[in-house]
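Indexing begins at 1, ligand by ligand and atom by atom, following the structure's order. Computed from a predicted structure; not experimentally measured.
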Amino acid sequence: MAEGDEKRGSDMQGLADRVADIIVGSQVTLALTGAGISVESGIPDFRSAGGLWSRYDPAEYATIGAFRANPEKVWKMLLEMDAIVGQAKPNKAHLALGELEAIGLLDCVITQNVDNLHQAAGSKNVIEYHGNSSTLSCLRCGKRYEAKEKRGENPPRCACRNVLKPDVVFFGEAIPEEAMQRSFHLASSAQALFIIGTSAVVSPVNTIPSIAKRNGAKIIEVNRERTHLTDTLTDIFLQGNAGDIMPQIVEAAKMRKGGVTSN
Ligand code: APR
């Protein structure tokens, strides 16, 4: 059972202090993030109530087979997401990870998100495990475009008239090799791993926590809900909004790094 299970609210500070101790003492600290970290930026996640998959069946809208069979249909969902992501700004959780990196307490963010918000929040070392939606590619001639060049086209088409595909990983597609290798390599040397806003049900990204754990890493989970990791791999579970919890951790870590302990 993860420490923190039975504690809420006022003891969150105690948990944040525990986490700060761990990351200040860690040589390699990573953060694995999912759609939950961008919910407070106005982007719905996938599997929560009202999430994207409650409105669009992923078997019909998120597999490479579905895209190849009927790209116009899939673009109906993609354009809706593009409009939301296009407006989104990084929130306090993204900014907190950017700050942890800047003060030398976070080595890399491995994100499942395709929204570019970690980079917009100042994170330099970001691995995009499922690609990025800010570029589009032609599956016929290989030409690549900035998504913003094609804004307003429905669906966006290549000069060769083929319908373009966003450079995100659809179900049934391979994970970018470099992203996968770098993530596994880092996980196998991690001493601390944040897992923020993910249900951790999608593979192979969801093998990263067990690789890190096998290496002795402390697993720090931040989520509104418990997940299948909470009672298995997680050492410290902080329940709530990432945008509320992550800044507390940054403050506690800065206190420690500054040599000031809270007790
Ligand atoms: N703060 C913390 N956690 C949150 C917040 C929040 N503000 N809002 C939602 N969550 C949590 C939910 O409780 C849930 O556990 O974030 C998690 C989001 O899980 P999913 O919707 O399953 O998203 P994710 O884990 O990123 O999905 C993985 O699946 O659909 C594919 O390719 C897509 O990258 C995606 C992958």
Side-chain angles (χ1 to χ4, degrees), residues 2 4 8 12 15-16 19 31-64 66-67 74 77-78 80-81 84-85 88-97 109-118 121 126-133 165-176 179-180 183 194-209 219-234 236-249:
R8 296 279 187 285
M12 189 58 80
L15 293 174
V19 172
L32 173 62
T33 67
I37 200 171
S38 295
V39 163
E40 293 159 78
S41 296
I43 305 176
D45 65 14
F46 297 96
R47 295 173 183 81
S48 294
L52 191 67
W53 297 155
S54 67
R55 291 184 296 113
Y56 293 96
D57 178 350
E60 278 181 54
Y61 287 90
T63 67
I64 189 61
F67 183 84
V74 172
M77 175 192 74
L78 294 171
E80 183 188 313
M81 288 309 295
I84 295 169
V85 170
K89 298 275 179 292
N91 64 56
K92 290 185 285 181
H94 297 109
L95 295 166
L97 291 180
V109 173
I110 301 168
T111 189
Q112 298 168 79
N113 303 341
V114 297
D115 56 29
N116 225 43
L117 291 179
H118 286 298
V126 179
I127 296 176
E128 297 175 305
Y129 211 88
H130 293 156
N132 187 306
S133 60
K165 176 187 163 295
D167 290 332
V168 302
V169 179
F170 280 61
F171 290 110
E173 280 194 292
I175 302 297
M180 196 154 69
S183 303
F194 285 103
I195 302 177
I196 308 171
T198 181
S199 59
V201 298
V202 168
S203 67
V205 69
N206 65 354
T207 60
I208 290 171
I219 307 292
I220 301 149
E221 187 181 10
V222 177
N223 197 310
R224 276 179 179 169
E225 309 290 335
R226 303 168 67 80
T227 69
H228 69 89
L229 298 173
T230 313
D231 292 330
T232 54
L233 294 184
T234 297
I236 302 182
F237 177 54
L238 301 103
Q239 183 157 21
N241 286 331
D244 298 333
I245 294 169
M246 292 310 297
Q248 286 188 51
I249 291 172

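When non-hydrogen atoms are compared, ligand 1 lies under 4.0 Å from the side chain of Val39 (C-beta onward) but not from its backbone. Under 4.0 Å from ligand 1, heavy atoms of Gln112 appear from its side chain as well as its backbone. Counting heavy atoms under 4.0 Å from ligand 1, residue Val202 touches it through the side chain alone. Using a 4.0 Å cut-off between heavy atoms, Arg224 contacts ligand 1 through both its backbone and its side chain.
No option in Val85, Asn113, Ile84 other than Asn113 meets the side chain to side chain contact (heavy atoms under 4.5 Å, CB included) test with Ser38.
Compare Arg47, His130, His228 by their heavy atoms: the one nearest to atom 31 (C) of ligand 1 is in Arg47. Counting only non-hydrogen atoms, the option in Ile196, Asn91, Asp45 that gets closest to atom 18 (C) of ligand 1 is Asp45. The heavy atom nearest to atom 12 (C) of ligand 1, considering only Asn223, Ile37, Leu32, is found in Asn223.
For the pair Phe237 and Asn223, the minimum side-chain heavy-atom distance is below 4.5 Å. You'll find the side chain of Ile195 reaches within 4.5 Å of the side chain of Leu229, heavy atoms only. Side chains of Tyr129 and Ile208 form a contact here, defined as non-hydrogen atoms less than 4.5 Å apart. In this structure the side chain of Asp244 reaches within 4.5 angstrom of the side chain of Lys92, judged on heavy atoms. In this structure, the side chains of Pro204 and Ile175 come closer than 4.5 Å at one or more pairs of heavy atoms.
Taking a cut-off of under 4.0 Å to the non-hydrogen atoms of Gly36, the atoms of ligand 1 that pass are 1 (N), 4 (C), 5 (C), 6 (C), 7 (N), 8 (N), 9 (C), 10 (N), 16 (O), 18 (C). Close contacts of ligand 1 with Glu40, meaning ligand atoms under 4.0 Å from a residue heavy atom, involve 1 (N), 6 (C), 7 (N). Residue Gly197 has at least one heavy-atom neighbour below 4.0 Å for each of these atoms of ligand 1: 3 (N), 16 (O), 17 (C), 18 (C). Residue Trp53 approaches ligand 1 through these ligand atoms, each under 4.0 Å from one of its heavy atoms: 30 (O). Atoms of ligand 1 found under 4.0 Å from any heavy atom of Gly240 (numbered from 1 in listed order, with element): 1 (N), 2 (C). The contact set between ligand 1 and Phe171, taken as ligand atoms under 4.0 Å from a residue heavy atom, comprises 30 (O), 31 (C). Close contacts between ligand 1 and Gly34 involve ligand atoms 26 (O) [criterion: under 4.0 Å to a heavy atom].
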Practice task
Give the C-alpha distance, both sets of side-chain angles, the deciding distance and a yes or no for side chain to side chain contact (heavy atoms under 4.5 Å, CB included) between Thr33 and Leu97.
Solution key: CA-CA 10 Å; Thr33 67; Leu97 291 180; 3.9 Å; yes
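Judged by distance alone, with hydrogens and angles left aside, the side-chain atoms of Ser133 form a donor-acceptor pair with the main-chain N or O of Val114 at under 3.5 Å. Under a 3.5 Å cut-off, the side chain of Thr232 and the backbone N or O of His228 do form a donor-acceptor pair. In terms of modelled atom types and a separation under 3.5 Å, the side chain of Ser41 and the main chain of Lys89 share a donor-acceptor contact. Of the possible donor and acceptor atoms, one in the side chain of Thr230 sits under 3.5 Å from a partner among the backbone N and O of Thr227.
Residue contact annotation: Gly243 has no non-hydrogen atom under 4.0 Å from ligand 1. Not a single heavy atom of Tyr129 sits closer than 4.0 Å to an atom of ligand 1. In this structure, Ser48 has a heavy atom closer than 4.0 Å to ligand 1.
Remark: minimum distance from atom 35 (C) of ligand 1 to any protein heavy atom is reached at Phe46 CE1, 3.5 Å. For atom 1 (N) of ligand 1, the closest non-hydrogen atom of the protein is Ala242 N, 2.9 Å. When hydrogens are left out, the protein atom nearest atom 25 (O) of ligand 1 is Thr198 OG1, 2.6 Å; that is the closest non-hydrogen contact. Closest protein heavy atom to atom 19 (O) of ligand 1: Ser199 N, 3.3 Å. Nearest protein heavy-atom neighbour of atom 26 (O) of ligand 1: Ala35 N, 2.8 Å.
Not counting sequence neighbours, the partners of Glu173 by the side-chain contact (heavy atoms from CB on, under 4.5 Å) test are Ile64, Lys165, Val169, Phe170.
Aromatic ring orientation, His118 versus His94: perpendicular (interplanar angle above 60°, classes split at 30° and 60°).
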